[in-house]
Amino acid sequence: MTGQLPIRARLTLWYSTVLALCLVAFAVMLWFSLRESLTSSKHAELEERIRSLQMVLAEQSGESGVSNETLREELNEFSSALPSDFSIHLSDSSGSSLFRTKAAQKGRAVERDEVIQAGGHKYHIKMAVSLEAVDEILLRLGRILLFSIPFAVLAASLGGYW
């Protein structure tokens, strides 16, 4: 059937197909690259927050006779400075929960479990950060690409045929 089309239409069809494939490949690489970059930044942010929490625990646990209530107050102050997409659960070596934020994780999240020594005490830290904002950005980008690529191919095809 393509043998019946004029050369102008066949060339336009060929170039439009190649352009569409190139744009789709570019969009896929862009989407995955952005996802990796944003997820890596969340991992780095989580690592930084855990190190900060370790310093707070080391300072508080280093003081002799510090009570669990004082520790909870410090952790409450620490967690109030965190973005709302973070959650913390801290327990002692026996597994008793010392502190937990009320933030509920929805959807995907990056989590870290660490056991640390501070001031002669052993603590188990479980910290997580939601990837909901990352997923929202990726969804928005996906929609933009999904609607703009066909328009770009159509515009290029009409211009090429003309």
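Residue numbers count from 1 along this sequence. Hydrogens, waters and symmetry mates play no part in the numbers below; they use all other heavy atoms, side chains included.
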**OP:** In sequence, state the C-alpha distance, the side-chain angles, and the governing distance for Leu38 and Lys42, and then conclude on side chain to side chain contact (heavy atoms under 4.5 Å, CB included).
**Re:** CA-CA 6 Å; Leu38 292 173; Lys42 287 294 185 181; 5.9 Å; no
Subject >> Result of checking Asp135, Leu141, Leu138 against Arg35 for side-chain contact (heavy atoms from CB on, under 4.5 Å) >> reply: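 The option that passes is Leu138.
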Subject >> With Tyr15, the side-chain contact (heavy atoms from CB on, under 4.5 Å) member among Leu11, Thr17, Leu13, Thr12 >> reply: Leu11
Distance-minimising heavy-atom pair for [X] and [Y]:
| X | Y | answer |
| --- | --- | --- |
| Phe78 | Ser52 | CE1-CB, 3.7 Å |
| Met127 | Phe86 | SD-CD2, 4.1 Å |
| Glu111 | Ala128 | CG-CB, 3.6 Å |
| Ser97 | His89 | OG-NE2, 3.0 Å |
| Leu19 | Val153 | CD2-CA, 4.2 Å |

First locate atom [atom1] of [X], then atom [atom2] of [Y], and finally report the distance between them rounded to the nearest 0.5 Å.
| X | Y | atom1 | atom2 | value |
| --- | --- | --- | --- | --- |
| Asp92 | Leu98 | CG | CG | 4.5 Å |
| Ile125 | Ile116 | CD1 | CD1 | 3.5 Å |
| Phe26 | Ile149 | CZ | CD1 | 8.5 Å |

Strictly distance-based, threshold 3.5 Å: is any side-chain N or O of [X] a donor or acceptor partner for the main-chain N or O of [Y]?
| X | Y | result |
| --- | --- | --- |
| Arg8 | Trp162 | yes |
| Thr101 | Ile88 | yes |
| Ser37 | Ser33 | no |

Original post:
Is a side-chain donor-acceptor pair under 3.5 Å present for Ser41 with Glu45?
Top reply: no
Cluster overlap [X] with [Y], hydrophobic side-chain contacts below 4.5 Å:
| X | Y | value |
| --- | --- | --- |
| Met55 | Leu53 | no |
| Ile137 | Ile144 | no |
| Leu154 | Leu145 | no |
| Trp31 | Leu21 | no |

Original post:
Can you list the steps and then say if Leu75 with Leu57 is a side chain to side chain contact (heavy atoms under 4.5 Å, CB included)?
Top reply: CA-CA 8 Å; Leu75 292 171; Leu57 287 173; 4.2 Å; yes
Subject >> Trace of the side chain to side chain contact (heavy atoms under 4.5 Å, CB included) decision for Val18 with Trp14 >> reply: CA-CA 6 Å; Val18 170; Trp14 169 252; 3.9 Å; yes
**OP:** State which residue, out of Lys126, Arg51, His124, fulfils the side chain to side chain donor-acceptor pair (under 3.5 Å) condition with Glu114.
**Re:** Arg51
